[in-house]
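A short write-up of the structure that comes next.
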Amino acid sequence: MSDDAAVSGVVSAGVSGNCISRMLKSTAGKSVHFFGGLAVLFAAWWLGIHFITQDPSMSQFSDFAPKAAFEAMPGLWADGTIPAALETSGYRLGMGMLLAIAIGVPIGILMGRIRWFQQLTDVPFQFLRMISPLSWEPIAVVVFAGWEEAIIFLIAVAAVWPVAFATAAGLAKVDPNWFKVARNLGAKPWHMVTRIIIPAITFDILTGIRLALGVAWIVIIPAEFLGVTSGFGYAIQDARESLEYSSLMALVVIIGAVGYVLDTICVMLIRKFSWHRG
Amino acid sequence: MSVRGTKIEIQGLSQRYPTRKVPTFNRVDLVSPPGEALAIIGRSGCGKSTLLHILAGLTKGTEGRILLNGTEVAGPSPRWVMMFQAPHLYPWMTVTENVGVGLTFARWGKKEIAERVNDAISLVELQEFAQANVQDLSGGQQQRVALARSLVMEPELLLLDEPFSALDAFTRAALQKDVRSISKRLGFNIVIVTHDIDEAVIMADRAVIMAGSPGDIVHEMDVDLPNPRDRTDPEVQKLRARLMATFQEAANYRKPEVALAGAVH
Ligand SMILES: Nc1ncnc2c1ncn2[C@@H]1O[C@H](COP(=O)(O)OP(=O)(O)OP(=O)(O)O)[C@@H](O)[C@H]1O
Ligand SMILES: [Mg+2]
């Protein structure tokens, strides 16, 4: 992102002399929005708790306040709760996403390229897509050996549809002339996939992955409520049961932050691999 | 870069689309010697593009066959390359990558690809745009990239389907001359399909006229002019007028203004 800005800055420097200052201004503008938005969020949080705890009978809610939450964070980090949760939830998320991509992209390519496949699968896929991934949980724990596999399966189920549908939609927009030109220059069927289709729709696949990652990160927390003794979902559950509300809120903040970072990485990748103009 | 041309033999070629009663063309025979630049002229819909696609191996004729230096055309090959009406470049690739794409299909080594791509880019005079995003190029520059992408394959035969019709008059004239001089320098055959009489006169050694339903070659004319050719040269104008007259007669045009409108494109 900053690379792009730097490059465009250099390129247009010859045209307009004060573009560096404009760039700085735009960066400054972005960080104003970033920190301003964050400040609004924390102010609303703080105010909410502040008003609730005005009522003496609600005073136990003071543990939910921002201050308590941030004070709990170093402890959670030091005792290994956060690093361990990052590692295990991250692993499950990664495996689930990998599965979703490995299955979703080929399915999307088939949907986009082969008419009868698209027609045949349209109804079942639209149907399956509407089923909350969590409703598979009881079935998943029966089918899979352990809870670990079951959770990964649930994440994959949640993430596969956005990836598959975005891939198919991207493919539908691919210019058929690109295939004709490639064939004309001696491309084998394999080249059509690796050299034409994949780069042409990387943007769409990444957009689908971004959506999928959002859904998967939402699904993983409730998926970890049951059966496992690790991950963010378990940590939340554990904090609730031991009435450590400040830790609970600290974990909520971390979950939000991780989701934000993951999304930002996706946006950067999308920008990097997008050849679309305007 | 230097290549040899190829002897093109079209033998009894017919094409009938299942959705149509009349065949698009029926038993077309045509021979073109190595190194010749052949123009196929005909009014819209007479089957020129279809013929060219079959020559390129992109579609199959329903009957007959095509021999290039005695080998039957059975599919696309780097030996015979088609250049389309629009550039159809890959927007995720730079100019250099676009030009080299056919060579990567053929599993050439990195170094050889780089060398040949460089040559091809110089040939179409796009050196300063070698690393540019193709979306930043003008229409004429993009079509030159498409030309380089075809030339880099060092084909024995370059098939051109109204390749410059979307360009402005100046760019078109420049590219017509360029393609002809490059083909003469390197020695490959050209088959160019056009309904622009000027284009045929500037680019071809011989022009054939396709007409009728089903279509057939109804006339041919040698374009025996010195190089480089200039539109304003009286010799060129004389031949152009003769070709136009023949074309009108062959194509059974009743109204001259229709023929003129056809000739603009
Ligand atoms: N896939 C197809 N199915 C059925 N008919 C077709 C198909 N492609 C072309 N035709 C028909 O075959 C005839 C020849 O088409 P073709 O595109 O070869 O004409 P053309 O001479 O190149 O015309 P133009 O100068 O307008 O490009 C036309 O009547 C067209 O409608
Ligand atoms: Mg045509």
Side-chain angles (χ1 to χ4, degrees), chain A residues 3-15 105 109 112 166-167 169-209 268-278, chain B residues 49 52-59 73 75-94 97-108 113 120 131-137 142-143 145-155 157-161 163:
Chain A
D3 255 355
D4 268 359
V7 169
S8 67
V10 170
V11 170
S12 49
V15 182
V105 171
I109 290 178
T167 304
L171 208 52
K173 287 181 297 179
V174 167
D175 184 349
N177 287 307
W178 289 338
F179 298 120
K180 196 163 77 175
V181 167
R183 215 154 69 78
N184 174 46
L185 293 172
K188 313 280 178 301
W190 176 245
H191 291 132
M192 295 296 179
V193 177
T194 57
R195 306 296 314 281
I196 312 297
I197 294 179
I198 299 284
I201 63 173
T202 304
F203 169 83
D204 304 270
I205 294 176
L206 286 173
T207 307
I209 289 176
M268 277 160 63
L269 284 176
I270 288 170
R271 226 170 261 170
K272 184 165 165 9
F273 284 101
S274 167
W275 50 264
H276 298 260
R277 282 290 164 87
Chain B
S49 294
L52 215 56
H53 274 77
I54 298 173
L55 266 171
L58 289 169
T59 28
V73 172
S77 155
R79 285 174 53 199
W80 44 88
V81 174
M82 172 115 145
M83 191 181 156
F84 302 91
Q85 186 165 357
H88 303 311
L89 301 178
Y90 299 118
W92 57 89
M93 299 182 189
T94 63
E97 288 166 339
N98 264 286
V99 172
V101 73
L103 297 177
T104 64
F105 294 152
R107 299 190 158 280
W108 282 64
I113 292 181
Q131 296 311 319
N133 183 320
V134 291
Q135 293 172 96
D136 294 337
L137 302 184
Q142 290 191 16
Q143 198 60 316
V145 176
L147 177 62
R149 180 174 65 183
S150 307
L151 293 177
V152 83
M153 307 304 293
E154 299 189 358
L157 166 60
L158 182 64
L159 301 155
L160 302 149
D161 191 358

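Just so we're on the same page: letters track the sequence lines, and every chain starts at 1.
- Residue B/E97 holds its CD atom at 8.5 Å from CZ of A/R195, rounded to the nearest 0.5 Å.
- Of the listed residues (B/G75, B/P91, B/S150), the one with the most heavy-atom contacts under 4.5 Å to chain A is B/P91.
- Looking at B/L103, neither its backbone nor its side chain comes within 4.5 Å of chain A, counting heavy atoms on both sides.
- Residues of residues 178-186 of chain A lying within less than 4.5 angstrom of chain B, judged on heavy atoms, are A/W178, A/K180, A/V181, A/A182, A/R183, A/N184, A/L185, A/G186 in numerical order.
- Interface residues of residues 198-208 of chain A toward chain B, defined by a heavy-atom distance below 4.5 Å and sorted by number: A/P199, A/A200.
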